[in-house]
Amino acid sequence: MAGAINIITKTPANKTTGFASIGYGNLNQIEANAGVSLPIVDNVLFSRLSVSARLRDGYIENTLLETDNLLEHQRYGGNLQLTYLPTDKLTFSLNASLNQKEVDAQAFVGGAGVSGEVIKAQLEDKPYEVSFNTQGMYETLVSNNALKISYETDSLSILSISSMQYTDNTGHDDELDFLPFDLNTRKYFSRIFTTLSEELRISSEWSNLQWLAGVFVYNFNIDRQEDNQFGIANAGRVTDPDAAAQYPYTLITVSEQQHTGFSIFGNAEYMITKSLRVNGGVRFEIEEAQADVSRSYTKDGNDNYQYPNLGVFPATFEETETFSAVSPKAGLSYDVIDNVMLYGNIARGYRPGGFNSFAADEDTANFDSEYSWNYEVEIKSMLMKNRIRVNLAGFYIDYQDQQLYTILDIATFNIGRDNLSRSVSIGAELETEWALLDGLTATINVGILDTEITDYNTISTAGELDYAGNKQGYSPQFNGNFGLNYEIPINDLLTLKAIGDYQYQTDMFFDPENTIQQDAYGLLNARLVISTEMIDLIFWGQNLTDETYFSYGYNFAGVGGFASYGLPRTFGTKLSVRF
């Protein structure tokens with residue numbers, strides 16, 4: 001809901017450089033990284049290779065199975081970059097990465113029929129504990145690859161970005177009801193995501209005008225299989241003897257989705273005067289989405305089994321939908337005085353609709369596109385001879401058909417993505433940075449937010465529920481952080497850096513139903529670095545006051561709530577060498 005994050009990685013250089021680091025912390029956390037950048041052909045072909053590994057014990061205890069390794073993980077990865085400069089105007093850049101991750105299960109508190117009050121009591125009375133009858137494992141392989149080709153002339157820049165992303169996510173014995181009973185277990189699942197894309201941009205600067213135009217095409221595929229077992233404990237939750245006799249049985253869902261899209265976009269900024277600039281842009285995009293879903297049931301080796309309450313629904317369906325949108329943007333910026341700038345933007349946001357692969361039939365398979373109108377004004381300034389930076393922004397966001405996960409059908413307990421009719425957000429953000437003394441800087445950032453769901457009705461076991469007037473999820477009314485950064489030379493060889501920050505937020509709900517709540521809390525983090533020209537010795541700590549809190553939660557229309565713990569206090573040390 002916040003926007004996009006742009007990650008810029010280090011690129012190969014025309015000289016040999018490298019680094020290596022190793023660290024250890026509590027929870028038996030081991031982290032190792034190494035990399036080298038070197039020219040293969042001087043001034044023409046450069047390379048950079050980096051590898052990393054991170055291992056950490058779990059911190060959640062499963063009291064039923066008497067294990068304490070929930071959320072234990074292992075991560076390994078590598079990244080290769082090549083830069084080729086055949087001429088002074090033409091550049092080829094290749095980036096390829098491969099990462100492998102293993103995680104011991106999920107660790108949610110809650111379950112079907114569990115209220116927000118019960119979940120909150122668990123956090124306060126028995127933190128970092130769950131009680132599951134099964135405990136699964138996730139394995140994820142991710143490959144990201146991109147080829148950039150750029151051509152620069154005195155008047156024109158052309159950039160091509162070709163990319164391929166592949167993700168293979170598998171797991172087994174995954175707890176779905178998060179209760180100490182054999183209700184619902186994902187015995188096996190496999191999800192393979194493949195994306196191919198091409199983007200072409202052309203940009204230039206003509207006198208007082210800067211402009212950019214481009215096209216973007218992509219093909220995104222999802223191949224999925226999930227085997228969900230409905231266990232014998234369900235028999236005791238129904239009064240009909242015939243229905244009780246159906247358990248246990250397994251629901252097998254096999255689905256394939258394909259999304260093919262095309263967009264064309266343009267953006268321009270024109271300098272009306274030396275102090276006044278106007279900018280605008282527009283993006284048109286269209287996507288065709290296809291889904292092929294097959295559902296079947298097995299019991300005691302019988303692949304043709306049909307659970308009576310579900311047999312009225314078709315076992316397979318195919319759907320095709322087309323989604324499109326025009327997303328304009330306009331803005332104005334004005335340099336009031338030196339180092340003080342005022343600007344405002346109006347933009348339309350868009351997220352295409354799609355299909356729920358777990359839906360029982362076509363009627364609940366589709367969900368609509370999401371739109372938003374975003375209004376923002378901000379003042380940016382550097383004051384006191386550039387010793388204080390102050391940015392103050394205000395915003396208003398009007399969401400239409402906002403997408404969220406909820407119950408799609410009570411009879412079959414189908415979950416998926418649906419549309420919340422309308423909600424609004426209004427708020428302000430203050431960002432400041434202060435140069436207090438030589439070597440000492442401080443940051444003070446504050447956010448104020450007010451949200452309201454103005455139109456949202458959904459189904460539940462109690463009938464239709466109206467959530468108009470509720471708050472959006474993950475929207476604390478107040479949040480802020482305060483940080484200090486002190487750097488001082490000890491002698492000609494050593495430098496000491498001390499960094500601390502405190503992050504705070506008020507109460508918030510995790511769900512639009514406003515049933516799963518996280519109380520106000522704050523996290524204190526610190527880092528101490530002793531540096532030479534080539535070596536850093538780092539001592540670090542996060543959540544030093546050992547706050548117990550939930551980092552994530554959700555609810556399904558009053559059917560049940562779920563929440564997962566944030567990290568407890570962690571600390572460690574790391575040694576880093578560079579050359």
Side-chain angles (χ1 to χ4, degrees), residues 1-3 5 23-27 29 31 56 59 71 120 123-124 127-128 378 380-384 387-395 425 427-451 471-488 495-510 516-531 536-553 563-574:
M1 292 173 65
I5 298 175
Y24 182 78
N26 68 326
L27 301 178
Q29 178 172 302
E31 185 174 359
R56 191 191 68 204
Y59 59 96
L71 297 185
K120 183 177 180 180
L123 177 73
E124 297 172 350
Y128 307 116
E378 181 169 359
K380 293 177 175 287
S381 63
M382 294 292 295
L383 309 174
M384 301 290 293
R387 296 184 64 86
I388 302 176
R389 176 176 60 86
V390 179
N391 298 334
L392 177 62
F395 60 89
S425 299
E429 296 177 348
L430 173 67
E431 299 177 350
T432 69
E433 184 174 8
W434 308 65
L436 302 175
L437 301 170
D438 288 343
L440 178 63
T441 60
T443 57
I444 302 175
N445 302 318
V446 177
I448 299 174
L449 179 64
D450 184 40
T451 68
K471 300 294 184 182
Q472 291 184 14
Y474 299 93
S475 302
Q477 186 175 18
F478 172 86
N479 71 88
N481 66 74
F482 172 72
L484 286 174
N485 189 330
Y486 185 57
E487 181 175 344
I488 184 173
T495 299
L496 177 67
K497 300 177 184 177
I499 304 160
D501 72 88
Y502 182 73
Q503 305 169 14
Y504 178 80
Q505 68 171 50
T506 55
D507 301 353
M508 73 172 184
F509 294 103
F510 288 116
I516 312 299
Q517 183 175 356
Q518 170 60 54
D519 291 340
Y521 69 95
L523 301 178
L524 177 64
N525 310 305
R527 181 180 295 259
L528 182 67
V529 184
I530 302 173
S531 300
D536 289 335
L537 178 60
I538 303 169
F539 302 92
W540 60 269
Q542 293 183 303
N543 189 10
L544 290 174
T545 57
D546 204 17
E547 289 286 330
T548 306
Y549 65 99
F550 289 128
S551 61
Y552 174 75
S564 61
Y565 294 104
L567 271 171
R569 176 168 48 222
T570 56
F571 52 87
T573 184
K574 183 169 76 170

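Please read these numbers as outputs of a predicted model, since none were measured by experiment.
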**Study point:** K574: partners by side-chain hydrogen bond (donor to acceptor under 3.5 Å, both in side chains), with sequence neighbours left out
**Key:** none
Exercise for review: Before giving the answer on side-chain contact (heavy atoms from CB on, under 4.5 Å), spell out for I538 and R527 the whole-Å C-alpha distance, their side-chain angles and the decisive distance to 0.1 Å.
Suggested key: CA-CA 7 Å; I538 303 169; R527 181 180 295 259; 3.5 Å; yes
Could you give the distance from [atom1] ([X]) to [atom2] ([Y]), rounded to the nearest 0.5 Å?
| X | Y | atom1 | atom2 | answer |
| --- | --- | --- | --- | --- |
| Y521 | T506 | OH | OG1 | 10.5 Å |
| T573 | F539 | OG1 | CZ | 4.5 Å |
| K120 | D519 | NZ | CG | 4.0 Å |
| L523 | Y504 | CG | OH | 11.5 Å |
| Y59 | R569 | OH | CZ | 15.0 Å |
| I499 | E487 | CD1 | CD | 8.5 Å |

Nearest atoms (heavy-atom pairs only) where [X] meets [Y]:
| X | Y | result |
| --- | --- | --- |
| D438 | Y486 | O-CE1, 4.3 Å |
| E547 | G522 | CG-O, 3.0 Å |
| A428 | F395 | N-CE2, 3.8 Å |

Review point. Going by heavy atoms in the side chains, are K497 and D536 under 4.5 Å from each other?
Key: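 Not in contact.
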Check your understanding: Are D450 and K471 side-chain neighbours, meaning at least one heavy-atom pair lies under 4.5 Å?
Key -> yes
Check your understanding: Hey, does the side chain of T451 reach the backbone of Q472 with a donor-acceptor pair shorter than 3.5 angstrom?
Key ->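 Between the backbone of Q472 and the side chain of T451 there is a qualifying donor-acceptor contact (under 3.5 Å).
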Practice item. List the steps, then state whether side-chain contact (heavy atoms from CB on, under 4.5 Å) holds for Y552 with I516. Key: CA-CA 10 Å; Y552 174 75; I516 312 299; over 6 Å; no
What donor-acceptor contacts under 3.5 angstrom involve side-chain atoms of residues 476-485, with partners at least two apart or in another chain?
residue, atom, partner, partner atom, Å
N481, OD1, N445, ND2, 3.3

Exercise for review: For T570 and Q29, test the side chains for any donor-to-acceptor distance below 3.5 angstrom and give the result as yes or no.
Suggested key: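 No, because no side-chain N or O of T570 sits under 3.5 Å from a partner of the opposite role on Q29.
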Listed by chain and number, what are the side chain to side chain contact (heavy atoms under 4.5 Å, CB included) partners of [X], not counting sequence neighbours?
| X | answer |
| --- | --- |
| E433 | R389, T443 |
| L123 | Q518, T548, F550, Y565 |
| L496 | I488, I490, L528, I530 |
| T432 | V390, L430, W434, I444 |

Exercise for review: Give a yes or no on this: more than 12 heavy atoms of other residues, nucleotides or ligands lie within 6.0 Å of atom CG of D546.
Suggested key: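 Counting neighbours around CG of D546, more than 12 heavy atoms of other residues, nucleotides or ligands fall under 6.0 Å, so yes.
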Practice item. Walk me through it: do N543 and T545 pass the test side-chain contact (heavy atoms from CB on, under 4.5 Å)? Key: CA-CA 6 Å; N543 189 10; T545 57; 4.0 Å; yes
